[in-house]
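All values below come from the heavy atoms of this structure, side chains included, with hydrogens, waters and symmetry mates left out.
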Amino acid sequence: MSYRHPRPFCLIVSVAIATAAASTPALAAKPRAGASAELAILETTDLHSAVVGYDYFKLAEDPSLGLDRTASLILQARRDFPNTLLLDNGDTIQGNALGDYQATVAPLKCGQLLGIYKAMQKLGYDGIGIGNHDFNFGLAYLGQVTGQRLDVEGVSAKTCAGPGFPVVLANVYSVKTKKPLFAPYRILTRRIKAVDANGKAFETSVKVGIIGFTPPAILNWDRRWLEGKITTEGLVETAKRYLPEMRAKGAELVVAISHGGLDAGPYSPTMENGNYYLAQVGGIDALLLGHSHQPFPNPTSTVAQFNLPHVDKVKGRVFGVPTVMANLWGKNLGVVRLQLRHDGKRWHAEQDAAIVENRSTQQPDKRYVAADPDVMALVKNEHEATIRYVKTPIGSADFRMSTYFADVGDVSAIQVVNQAQADYARRYVAANLPQYAQLPVLSVSAPFKSGSAGVLDYTDVAAGDLALNNAADLYLYPNALALVKVDGAGLKAWLEKAASRFNTIDPARTEPQELVNTGFAGYNFDTLTSPELRYEIDVTQPPGKRIADLRLHGKPLPAGQEFLVATNNYRASGGGNFPGLDGSRTVLASPDASRDVLIAYVKEARRLTRVANGAQRSWRFTKVETKGPVVFHSAPGKLELARAAGLENVSQLAADDGQGKGFALYQVDLAK
């Protein structure tokens with residue numbers, strides 16, 4: 001059932017902020033040994049500028065997302081728990097058309113507040129971390145909107161007014177000063193309600209240290225903005241540097257705001273998801289995760305990182321440390337309820353007694369909690385300006401472009417991206433890189449939206465007039481185009497990695513088998529749509545041995561054949577951990593955004609057709625008879641789109657797959 005706080009939103013927030021401001025030791029009683037309290041750490045993460053529940057790609061309201069709905073969960077948590085601390089784990093300022101509009105179309109002036117920060121300020125956030133996507137618009141912009149003076153080469157030293165809450169990031173350093181780019185940590189003194197050893201209530205204070213981490217791989221992913229300006233440090237090394245210092249300066253509790261997931265592979269200071277090792281450092285009372293766009297804890301999760309040794313997906317623990325990840329786009333609110341006990345000198349968190357939960361904006365009856373209208377009121381002007389902007393026309397198409405069946409071969413939303421990238425690359429090489437003029441140019445792209453965030457999370461562009469919002473739907477991220485040189489062996493290894501999108505299918509099994517490995521992100525399923533190249537994916541083979549019959553112009557592809565492959569800066573510089581792609585093979589790091597390349601291509605083409613722009617498929621599944629069905633999940637009632645894409649081997653088994661998330665169950669016949 002939806003709920004609203006009975007008192008005005010602004011009053012509640014004012015009280016919360018006033019309480020925080022008044023939390024000084026002078027106003028608090030000194031606890032004695034045996035006193036106890038509960039402190040609820042509230043987390044949002046990967047908001048990606050989703051201030052309100054609106055899809056700027058589809059130009060429609062979307063109740064499944066938005067901080068305006070998370071606001072209701074936050075207010076409910078403040079009613080449920082007398083002591084709360086509200087934190088955000090980054091990837092906050094980028095991710096939708098509103099974020100792009102404020103960063104690149106109508107850039108904010110110094111002192112103006114980002115829409116997402118307006119809402120967070122109103123909600124009374126106690127602190128935030130920085131995610132990898134927060135660097136996507138460059139250091140000057142990041143410093144401006146956060147109100148921080150980033151002392152790096154080539155960036156203005158002026159300070160603009162920011163949202164006012166602490167921003168922490170410990171493992172990123174300025175090359176110029178050799179000091180942390182942001183404050184590595186902050187120690188917050190907060191007033192709390194507690195009870196003494198006899199059960200008598202009293203008010204006192206607690207000192208909570210918050211420390212921030214981001215994936216060290218930002219140095220590769222956003223090289224064009226960051227190279228020569230910042231350096232990164234591994235999570236473990238950084239924690240060992242600062243955690244003792246935080247304790248020495250009075251932090252009774254330590255909360256790590258770490259924008260990343262879990263990876264049990266060998267530790268490296270550059271690893272993308274190093275929190276499996278961060279949790280083992282010791283001295284962390286609560287670990288806030290992000291980046292992976294998943295809810296944790298989640299007892300039913302099949303995601304590999306939540307099924308590792310020493311990871312408790314039921315109680316929310318990583319090596320015993322209470323841990324939470326609050327999904328993305330404001331869909332969830334993470335809650336870590338720390339049980340505190342005082343020993344006469346300081347507060348301690350009782351690790352085993354902590355309660356970790358994920359609260360969803362979608363209730364058991366499938367309805368969503370009410371959106372707080374005050375949040376929309378804060379960003380009404382920016383919201384409406386963004387809608388006007390994304391309606392700018394760019395061309396038309398005679399077919400529907402979607403990713404509902406991209407995992408089984410529909411390239412309707414992928415081919416035009418590949419064509420735009422390849423066209424740009426060929427022109428650039430002809431004009432500027434004559435030494436590569438004789439090399440074939442290929443292009444890879446991926447289905448950026450493939451249902452990971454819910455049944456509405458698919459690219460779906462209707463036939464007819466195309467506008468900027470459609471281009472943003474087709475190309476979700478603010479990447480820049482990159483061109484890399486690889487040989488036939490390298491290309492095969494690239495495609496092998498992409499084929500990790502699928503589970504290994506046993507033809508002899510009679511029970512249903514899931515085709516898609518949901519632990520492998522859809523945006524890493526790189527797909528070719530080149531008429532000169534063909535290959536098969538044999539899902540009966542283990543990962544790394546699936547690419548079969550790889551042919552160029554009908555002949556087996558020589559291992560030494562060199563290519564130029566158009567992709568994006570994320571992939572070219574190591575994003576997704578594809579073999580051989582670490583930035584060293586890049587021959588062009590374009591200043592042009594991938595989405596702008598696509599828009600320019602559509603404007604020049606004027607009218608897209610399925611035959612020319614949406615039907616060229618380079619790959620097929622290797623044919624195999626299976627005794628049982630091979631199944632996958634997508635939005636219900638979309639079978640006609642599979643047929644339009646020429647996928648005659650797909651059928652819908654059930655309009656409801658029974659998992660309670662609105663997906664249908666489909667079957668793919670691998671023998672056809």
Fill in: Backbone N/O of Gly115 and side chain of Gln102: donor-acceptor pair under 3.5 Å
yes

Worksheet entry | Residues Asp263 and Asn273: side-chain donor-acceptor under 3.5 angstrom | no

Practice prompt. Determine whether the side chains of Lys331 and Ser64 contain a donor N or O and an acceptor N or O closer than 3.5 Å.
Written response: yes

Fill in: Partners passing side-chain hydrogen bond (donor to acceptor under 3.5 Å, both in side chains) against Asp657 (at least two apart in sequence or in another chain)
His633

Practice prompt. Please list, chain by chain and in numerical order, all residues satisfying side-chain hydrogen bond (donor to acceptor under 3.5 Å, both in side chains) with Glu272, sequence neighbours excluded.
Written response: His291

Discussion item. Using every non-hydrogen atom in the two residues, find where Phe135 and Thr214 come nearest and quote the distance to one decimal.
Written reply: CE1-CG2, 4.3 Å

Worksheet item: Do other residues, nucleotides or ligands put more than 12 heavy atoms under 6.0 Å from the CD atom of Glu61?
Response: no

Worksheet item: Side chain of Asp134, backbone of Ile93: donor and acceptor closer than 3.5 Å?
Response: yes

Discussion item. Aromatic contact between Tyr101 and Tyr56, with the criterion being ring centroids under 6.0 Å apart: yes or no?
Written reply: no

Worksheet item: So, are Asp549 and Arg534 salt-bridged, with charged N and O less than 4.0 Å apart?
Response: no

Item to complete: Using the ring of Tyr477 (Phe, Tyr or Trp, six-membered ring only), decide whether Arg595 places NZ or CZ under 6.0 Å from its centre and within 45 degrees of its axis.
Response: no

Worksheet, complete the sentence: Hits for side chain to side chain contact (heavy atoms under 4.5 Å, CB included) against Pro543, two or more places apart or cross-chain, chain-then-number order -> Ser500, Thr504, Arg546

Practice prompt. Please check if the side chain of Asn613 supplies one atom and the backbone of Val416 the other of a donor-acceptor pair under 3.5 Å.
Written response: no

Worksheet item: Would you find a donor on one side and an acceptor on the other, under 3.5 Å apart, between the side chain of Ser396 and the backbone of Asp465?
Response: no

Fill in: Trace of the side chain to side chain donor-acceptor pair (under 3.5 Å) decision for Asn327 with Asn332
CA-CA 6 Å; Asn327 211 347; Asn332 290 65; 3.0 Å; yes

Fill in: Near-ring test Phe525/Trp619, centroid separation under 6.0 angstrom
yes

Item to complete: Output yes when a side-chain donor or acceptor of Asp457 lies under 3.5 Å from a complementary backbone atom of Ala453, and no otherwise.
Response: yes

Worksheet item: Using 30° and 60° as the class limits, which term best fits the ring planes of Phe137 and Tyr141: parallel, tilted or perpendicular?
Response: perpendicular

Worksheet entry | Donor on one side chain, acceptor on other, Asp460 and Tyr404, under 3.5 Å | yes

Worksheet, complete the sentence: For residues 593-615, the ring pair (Phe, Tyr, Trp, His ring centres under 6.0 Å) pairs (sequence neighbours left out) are none

Worksheet item: Of all residues at least two apart in sequence or in a different chain, which pass the ring pair (Phe, Tyr, Trp, His ring centres under 6.0 Å) check with Tyr666?
Response: Phe405, Phe632

Worksheet entry | Short side-chain to backbone donor-acceptor contact, Gln541 and Lys545, under 3.5 Å | no

Discussion item. Going by ring pair (Phe, Tyr, Trp, His ring centres under 6.0 Å), name the residues that satisfy it together with Tyr475, two or more places apart in sequence or in a different chain.
Written reply: Phe448

Item to complete: Can you measure from CD (Gln94) to NE2 (His48) and round to the nearest 0.5 angstrom?
Response: 6.0 Å

Worksheet item: Are the side chain of Lys366 and the backbone of Gly660 linked by a donor-acceptor contact shorter than 3.5 Å?
Response: yes

Worksheet, complete the sentence: The reported gap from CD in Glu384 to CE in Met376 (rounded to nearest 0.5 angstrom) is 8.0 Å

Worksheet item: Considering residues, nucleotides and ligands other than Gln435, do more than 12 of their heavy atoms fall under 6.0 Å from its CD?
Response: yes

Fill in: Sidechain-backbone polar pair: Thr403 side chain, Lys449 backbone, donor-acceptor under 3.5 Å
yes

Discussion item. Looking only at side-chain N and O atoms, does Asn220 offer a donor or acceptor that is under 3.5 Å from a partner on Arg223?
Written reply: yes

Worksheet item: In terms of heavy-atom contacts, does CD of Glu648 have more than 12 from other residues, nucleotides or ligands at under 6.0 Å?
Response: yes

Discussion item. Whether the side chain of Asn568 engages the backbone of Arg571 through a donor-acceptor N/O pair (distance < 3.5 Å, no angle test) should be reported.
Written reply: yes

Worksheet item: Can His133 and His259 be counted as having a side-chain donor-acceptor contact under 3.5 angstrom?
Response: no

Worksheet item: Can you tell me if Arg610 uses its side chain to pair, donor with acceptor, with the backbone of Ala615 under 3.5 Å?
Response: no

